[in-house]
Amino acid sequence: MRLVTWNINSVRQRLHLIEQLTKDYAPDVICLQEIKAQNKDFPLAEIEAMGYTHNEVRGMKGYNGVAILSRVPLENGQSRDWVGKDDSRHVFATLPGGIEVHNFYVPAGGDVPDRDQNDKFGHKLDFVDEMKAWFPEMYSNDRPMILVGDLNIAPMEHDVWSHKKLLKIVSHTPIEVEKLNDAQNAFGWVDTMRHFVPDEEKLYSWWSYRARDWRAANKGRRLDHIWATPVLTPRLKHMEVIVDARGWEKPSDHAPVLLDLED
DNA sequence: ATGGTTGGTTACCAA
């Protein structure tokens, strides 16, 4: 089973990228974030023509929006509101074989890392707290579950190009990192990307549009994640960040992250 | 210290 998570930054602007991904990598399941379209504007026919005939879409006008696209049947598709807002940041469904896939788009949190000065940062912190508070309702070490998405937090020193320079930059501040680590470690969530790549090795999934030459500068951050329950650990086969996709025509600022599981 | 790019919506906001 091949699964991909990708912040697509507008599904309507980037159908060509999804097509390229499906041709080159043939994922069974694609979890998208920031589709930036209402359900009625989602390009379902085009996606179905690529072979993804089972879909669970939670869109809204203008912002956010998440979707699970699948070549295999999805069951029990659902979504949930977070921090009292109906803002299309979570969708989940069950794959054949019983793996429950949760697709999240955590708030970016604005620029100022202080909840008294910046409501968006407070919203982000509350969102991660609420994830942790919700896990007891759904989490079990021996239930096959995968949590993916743009979590907008790069928790480890080598998840960013400069740990020191980013300590006060939203996405790598100690308070966000602590909250994300709390949510992960209070349960048995396995960071599948770091299962394959040593902690001391740089690993990024996002490069800003604002860099003159993103590849040469390589000032990336690992904002996108794939977590799994421990029962799936023996089945983890392969993981890669498809860095090349950041250089495709009219790219998203995020690269897809791919995980292969043994059947 | 500042500005750099992109998308969606509607003349700025969010990232």
Side-chain angles (χ1 to χ4, degrees), chain A residues 5-21 31-44 46-47 57-67 82-90 103-115 117-128 148-155 159-162 164-173 176-177 180 204-225 243-257:
Chain A
T5 180
W6 199 2
N7 178 319
I8 199 68
N9 186 20
S10 170
V11 68
R12 287 175 290 180
Q13 292 296 322
R14 303 204 206 283
L15 274 170
H16 64 292
L17 295 185
I18 296 171
E19 190 162 31
Q20 188 76 46
L21 175 80
C31 295
L32 299 177
Q33 303 88 35
E34 277 206 273
I35 62 174
K36 292 185 173 176
Q38 307 174 69
N39 278 34
K40 72 178 179 67
D41 296 327
F42 191 88
L44 208 53
E46 291 87 340
I47 294 290
V57 179
R58 288 296 177 279
M60 63 181 284
K61 193 174 181 178
Y63 308 107
N64 309 338
V66 287
W82 293 85
V83 199
K85 295 176 197 281
D86 176 18
D87 62 353
S88 299
R89 293 182 179 276
H90 178 211
N103 179 14
F104 277 95
Y105 176 51
V106 171
D111 289 331
V112 181
D114 178 344
R115 67 179 311 149
Q117 295 175 52
N118 171 16
D119 291 342
K120 285 186 278 193
F121 193 67
H123 179 220
K124 180 181 199 174
L125 298 180
D126 292 346
F127 194 104
V128 178
V148 307
D150 178 4
L151 306 186
N152 266 314
I153 298 172
D159 290 342
V160 294
W161 64 277
S162 168
K164 207 174 164 183
K165 285 197 170 75
L166 283 156
L167 278 170
K168 292 179 179 171
I169 303 297
V170 172
S171 73
H172 194 61
T173 64
E176 297 166 79
V177 167
L180 189 67
Y204 311 141
S205 65
W206 174 89
W207 293 261
S208 172
Y209 283 127
R210 295 172 189 176
R212 279 194 196 94
D213 183 341
W214 69 274
R215 205 189 285 270
N218 199 24
K219 293 183 174 177
R221 306 180 201 167
R222 183 168 72 112
L223 302 179
D224 302 277
H225 298 266
V243 177
D244 273 356
R246 180 63 179 80
W248 291 349
E249 191 71 25
K250 213 166 172 280
S252 167
D253 45 356
H254 293 252
V257 183

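Please read these numbers as outputs of a predicted model, since none were measured by experiment. Residue numbers begin at 1 in each chain, while the letters A, B, ... track the order of the sequences.
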Whole angstrom is fine here: how far is it from NZ in A:Lys124 over to P in B:dA14?
-> 15 Å

Rounded distance (Å) that lies between atom C1' of B:dG7 and atom OH of A:Tyr105 | 12 Å

Look at the rings of A:Phe104 and A:His90 and say which category their plane angle falls in: under 30° parallel, 30 to 60° tilted, over 60° perpendicular.
-> parallel

Ignoring the backbone of A:Ser10, work out which of B:dG8, B:dT9, B:dT6 is nearest its side chain.
-> B:dG8

Within the side chain of A:Asn118, is there an N or O that forms a donor-acceptor pair under 3.5 Å with the backbone of A:Val112?
-> yes

Considering only B:dA14, B:dT9, B:dG4, which nucleotide approaches the side chain of A:Lys61 most closely?
-> B:dT9

Taking for each residue the nucleotide of DNA chain B with the nearest heavy atom, is it A:Gly62 or A:Asp150 whose nucleotide lies nearer the 5' end?
-> A:Gly62

How far, in whole Å, is B:dG7 from B:dG3 if one measures between their P atoms?
-> 22 Å

Compare the minimum distances between each of B:dG8, B:dT6, B:dG4 and the side chain of A:Arg210, then state the nucleotide with the smallest one.
-> B:dG4

If only atom types and distance count, is the side chain of A:Lys124 paired as donor or acceptor with the main-chain N or O of A:Val170 below 3.5 Å?
-> no

Search all heavy atoms of A:Trp6 against all heavy atoms of A:His254 and return the closest pair with its distance.
-> NE1-O, 2.8 Å

Atom-pair distance (CG on A:Asp253; C1' on B:dG4), nearest Å = 13 Å

Same-atom distance (P) from B:dT10 to B:dT6, integer angstrom = 22 Å

Count the heavy atoms belonging to other residues, nucleotides or ligands that lie under 6.0 Å from CG of A:Asp111, then report whether that count exceeds 12.
-> no

Report the distance from atom CH2 of A:Trp248 to atom C1' of B:dT6, rounded to the nearest whole Å.
-> 19 Å

Are the side chain of A:Asn64 and the backbone N or O of A:Ser88 linked by a donor-acceptor pair below 3.5 Å?
-> no

Rounded to the nearest Å, what distance is computed from the CG atom of residue A:Asp119 to the P atom of nucleotide B:dC13?
-> 15 Å

Can you sort out which residues in residues 211-223 of chain A have a heavy atom within less than 4.0 Å of DNA chain B? Ascending by number, please.
-> none

Rounded to whole angstrom units, what separation is found between the CD1 atom of A:Ile169 and the P atom of B:dA1?
-> 12 Å

Is any side-chain N or O of A:Lys250 closer than 4.0 Å to OP1 or OP2 of B:dT6?
-> no

Has the side chain of A:Asn103 got a donor or acceptor atom that lies under 3.5 Å from a matching backbone atom of A:Leu32?
-> yes

Would you indicate, yes or no, if B:dT6 has its OP1 or OP2 atom less than 4.0 angstrom from a side-chain nitrogen or oxygen of A:Gln13?
-> no

Quick note, A:Tyr209 side chain, CB onward, closest among B:dG7, B:dA15, B:dT6 is B:dT6

Are any side-chain N or O atoms of A:Arg14 and backbone N or O atoms of A:Pro251, one a donor and one an acceptor, separated by less than 3.5 Å?
-> yes

Neighbours of DNA chain B within residues 31-40 of chain A, by heavy-atom distance under 4.0 Å = A:Glu34, A:Lys36

Using whole Å, report how far CG of A:Asp111 lies from C1' of B:dT5.
-> 14 Å

May I ask which nucleotide in the shown strands pairs with B:dT6, Watson-Crick or G-U wobble, both distances under 3.5 Å?
-> B:dA14

If we ignore angles and hydrogens, is there a donor and acceptor under 3.5 Å between the side chains of A:Thr5 and A:Gln33?
-> yes

Calculate the interatomic distance between A:Leu151 atom CG and B:dA15 atom P; express it in whole Å.
-> 15 Å

With distance as the sole test, does A:Arg12 use its side chain to make a donor-acceptor pair with the main-chain N or O of A:Lys36 at under 3.5 Å?
-> yes

When you compare B:dA14 with B:dT9, how far apart are their C1' atoms, in angstrom units rounded to a whole number?
-> 12 Å

If you find the nucleotide of DNA chain B closest to A:Asp41 and the one closest to A:Pro107, which residue's nucleotide is nearer the 5' end?
-> A:Asp41

What interatomic distance, in whole Å, is found between C1' of B:dA15 and the corresponding atom of B:dG4?
-> 13 Å

Side-chain donor/acceptor of A:Asn7 to backbone N/O of A:Asp150, under 3.5 Å = no

